[in-house]
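All values below come from the heavy atoms of this structure, side chains included, with hydrogens, waters and symmetry mates left out. Order of the sequence lines sets the chain letters (A, B, ...), proteins ahead of strands, with each chain counted from 1.
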Amino acid sequence: MRSEAGRLLNPSTSERPGTAAEGGIELSADYIRSIRRKLLNWYDRNARDLPWRHHSDDAYAQWVAEIMLQQTRVDTVIDFYLRFLDRFPNVESLAIAPLDEVLGLWQGLGYYRRAENLHRSAQILARKDIDWPKDARGWQALPGIGVYTAGAIASVALGEQVPAVDGNVLRVLARLLCIDDDIGWTTTRRRLSAAADRLVPKARPGDFNQAWMDLGAAVCTPKTPACDQCPLARECAGLAKGMIAQLPVRTAAKKPIAVERVVLVLAHRNRVLVRQRPRGGRWSGLWEFSNLDVGSKSHSLALKELRADLALGEGLRPTFRGVVKHLLTHRAYSFHIYHLRLPRAALPRGQGQTYRWVTEAQLASLPVGVAHRRVLHFLTT
DNA sequence: AAATCGGGGTT
DNA sequence: AACCCAGATTT
């Protein structure tokens, strides 16, 4: 099979050589035209049927979808999205809701700062502190919206001719243009973004951007891409040079740091003690059982410190109930669960944290991270 | 440029 | 067990 990639990528055939910056990727007008036509053609026949694609003109609906989709797979998002839009169908309903309820709909989805920023941005817009964004630049002024998300919203909902370069597009473009620099580097991302910017058409920019994503999800997958089914195979420089298996180049992620914690679940009658996590860190604003880093201490000493912090007096000895392992990108947690029934239900004093004694039903309505939700399975008695 | 911020599906 | 996902923000 004779590839067009070599000829079409040749700088000498580029229509606008002057636009290429230092180290920029030259794309001929013919090449750009080919990519646009073939990718959109493929998309017309292969586009996934996704909930937010039924509201393409609704910037709010696109916005919510794009925030949820940050670093999160489509299949994971769908159910969260449907529930969220059912409860908050527009920016006004979201703006007047308490953050706890927003977090409640977000629990299990991760990166909870996204929910805070979404809520905060909704309030900014509902209060009309700023005008409703009319382009990508306007969207990017809101907290939680970066270059990618702004481009996605503006291209899909507003029809603006801007790219939306996510991890998918970086991978596909690195292969298509045979870029073997580390796609983690700022310089590489800048070059690929510049290429994406030149490729996005004036007509149907939103469909075009989404077509990259569908292609990346269905054909140009991270491992073993289906090049024999790819509509851009003839334009793919990586394929022509036999480099697909090596592309994209990316430095390996570091291993997560192991963290061991003791969890002390205090119970009184049918209630358990929970506390709300402080703003800003992990699981910001979510509820959890009292827990403490073990570090180099023994479990019994860590538990003793935890009980001293809670200042709930002496009681019986906590009983060990099991371990919840919870893996994050940068941390590998193991929560060692201990259970202790108290004769009295007093609230800890002077901890600068919000504590509550709650029934199981009440706990169900509070936002709790996945790890501490799993702790519940160890407390059946 | 590197670290931080969740959780889960694929390979 | 490694990889990576419709990234943004802070350091």
Side-chain angles (χ1 to χ4, degrees), chain A residues 47-48 50-53 62-81 103 106-118 120-121 139-157 163-172 182-190 193 196 206-218 220-225 248-257 259 277 279-286 288 324-333 367-374:
Chain A
R48 289 174 288 182
L50 302 173
W52 44 92
R53 291 184 178 170
Q62 296 307 314
W63 174 24
V64 172
E66 289 301 340
I67 299 298
M68 286 189 170
L69 286 162
Q70 287 169 2
Q71 291 292 283
T72 311
R73 291 167 194 284
V74 166
D75 291 339
T76 304
V77 165
I78 290 176
D79 286 340
F80 286 92
Y81 177 80
L103 286 172
W106 210 273
Q107 65 175 320
L109 197 53
Y111 288 133
Y112 298 96
R113 200 78 56 83
R114 294 184 294 177
E116 279 188 52
N117 284 334
L118 179 61
R120 193 148 61 92
S121 296
W139 279 103
Q140 208 184 326
L142 290 166
I145 300 182
V147 180
Y148 162 77
T149 304
I153 296 171
S155 63
V156 173
V165 180
D166 67 336
N168 252 317
V169 179
L170 282 178
R171 178 179 67 251
V172 177
D182 192 325
I183 62 171
W185 293 349
T186 305
T187 51
T188 312
R189 292 185 178 221
R190 197 158 47 222
S193 295
D207 284 348
F208 186 80
N209 287 335
Q210 293 183 90
W212 283 129
M213 324 233 187
D214 282 24
L215 189 70
C220 198
T221 51
K223 294 175 182 176
T224 62
V249 175
R250 191 203 298 265
T251 52
K254 292 177 182 175
K255 284 184 183 173
I257 298 168
V259 178
R277 290 184 61 84
R279 283 291 142 71
R282 268 190 191 86
W283 300 293
S284 171
L286 271 60
E288 65 175 8
V324 167
K325 290 183 178 297
H326 192 69
L327 194 62
L328 303 181
T329 304
H330 299 289
R331 295 287 185 279
Y333 286 94
V368 176
V370 169
H372 281 257
R373 197 59 86 181
R374 284 185 183 144

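Close to dG8(B), at under 4.0 Å from its OP1 or OP2, lies no side-chain N or O of Thr76(A). The side chain of Arg374(A) contributes an N or O atom lying less than 4.0 Å from OP1 or OP2 of dG8(B).
One interatomic measurement links the two molecules: CZ of Arg190(A) to C1' of dA1(B), which rounds to 12 Å at whole-angstrom precision.
Backbone-only engagement by Val147(A) is indicated by non-hydrogen atom pairs under 4.0 Å involving sugar-phosphate atoms exclusively. Thr224(A) comes within 4.0 angstrom of nothing in the nucleic acid, heavy atoms only. Among the heavy atoms of the strands lying under 4.0 Å from Arg53(A) is at least one base atom, whether or not backbone atoms are also near. Residue contacts shown for Gly216(A) are absent, as no nucleic acid heavy atom lies under 4.0 Å away. Using a 4.0 Å heavy-atom criterion, one finds that Trp52(A) contacts the bases of the nucleic acid, with or without backbone contacts as well. Note on Leu286(A): nothing from the nucleic acid sits closer than 4.0 angstrom, heavy atoms only.
Just one residue in the list Val156(A), Val64(A), Val74(A) forms a side-chain contact (heavy atoms from CB on, under 4.5 Å) with Trp52(A), and that residue is Val74(A).
Checking Gln140(A) against Ala65(A), the closest nucleotide of DNA chain C that is more toward the 5' end is the one next to Ala65(A). Where Leu69(A) and Ile145(A) meet DNA chain C, the nucleotide closest to each residue was compared, and Leu69(A) sits on the side nearer the 5' end. For Thr187(A) and Asp75(A), each mapped to the nucleotide of DNA chain B holding its nearest heavy atom, the one lying further toward the 5' end belongs to Thr187(A).
Trp139(A) meets the ring pair (Phe, Tyr, Trp, His ring centres under 6.0 Å) test with Trp63(A), Trp132(A); sequence neighbours excluded. A search for side chain to side chain donor-acceptor pair (under 3.5 Å) contacts involving Asp214(A) returns Arg48(A), Arg53(A), not counting sequence neighbours. Judged as a ring pair (Phe, Tyr, Trp, His ring centres under 6.0 Å), and not counting sequence neighbours, the contacts of Phe208(A) are Trp212(A).
Trp185(A) places no side-chain N or O within donor-acceptor distance of the main-chain N or O of Arg189(A), the cut-off being under 3.5 Å. Side-chain atoms of Arg114(A) come within 3.5 Å of backbone atoms of Met68(A) as a donor-acceptor pair (strictly under, hydrogens ignored). Ser284(A) contributes no side-chain N or O that, together with a main-chain N or O of Gly281(A), makes up a donor-acceptor pair within less than 3.5 Å. The main-chain N or O of Pro367(A) is never found under 3.5 Å from a side-chain atom of Gln107(A) such that the two would form a donor-acceptor pair.
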Check nucleotides 2-6 of chain B against the protein and report each pair of N or O atoms closer than 3.5 Å, with its distance, or say if there are none.
from: dA3(B); atom 1: OP1; to: Lys254(A); atom 2: NZ; distance (Å): 2.7
from: dA3(B); atom 1: OP2; to: Lys254(A); atom 2: NZ; distance (Å): 3.1
from: dC5(B); atom 1: OP2; to: Arg282(A); atom 2: NH1; distance (Å): 2.9
from: dC5(B); atom 1: OP2; to: Arg282(A); atom 2: NH2; distance (Å): 2.9
from: dC5(B); atom 1: N3; to: Tyr111(A); atom 2: OH; distance (Å): 3.4
from: dG6(B); atom 1: OP1; to: Tyr111(A); atom 2: N; distance (Å): 3.4
from: dG6(B); atom 1: OP1; to: Tyr112(A); atom 2: N; distance (Å): 2.9
from: dG6(B); atom 1: OP2; to: Trp283(A); atom 2: N; distance (Å): 2.6
from: dG6(B); atom 1: O4'; to: Tyr111(A); atom 2: N; distance (Å): 3.0
from: dG6(B); atom 1: O3'; to: Trp283(A); atom 2: NE1; distance (Å): 3.3
from: dG6(B); atom 1: N7; to: Tyr111(A); atom 2: OH; distance (Å): 3.2
from: dG6(B); atom 1: N7; to: Thr329(A); atom 2: OG1; distance (Å): 3.1
from: dG6(B); atom 1: O6; to: Tyr111(A); atom 2: OH; distance (Å): 3.0
from: dG6(B); atom 1: N1; to: Gln71(A); atom 2: O; distance (Å): 3.1
from: dG6(B); atom 1: N2; to: Gln71(A); atom 2: O; distance (Å): 3.2
from: dG6(B); atom 1: N2; to: Thr72(A); atom 2: OG1; distance (Å): 3.1

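Spacing between dG8(B) and dA8(C) at atom P, rounded to whole Å, works out to 22 Å. Atom name C1', nucleotides dG6(B) and dC3(C): the rounded distance is 16 Å, in whole Å. Taking atom P in both dA6(C) and dT4(B), one finds a spacing of 24 Å when rounded to whole Å.
Residues Ile183(A) and Thr188(A) share a closest heavy-atom pair of CA-CG2, 4.0 Å.
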Extract all donor-acceptor atom pairs below 3.5 Å that involve side chains of residues 326-333 of chain A and protein atoms in other chains or at least two apart in sequence.
from: Tyr333(A); atom 1: OH; to: Arg282(A); atom 2: NH1; distance (Å): 3.4

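Nucleotides of DNA chain C lying under 4.0 Å from heavy atoms of chain A occupy a range whose first and last members, 5' to 3', are dA2(C) to dT9(C).
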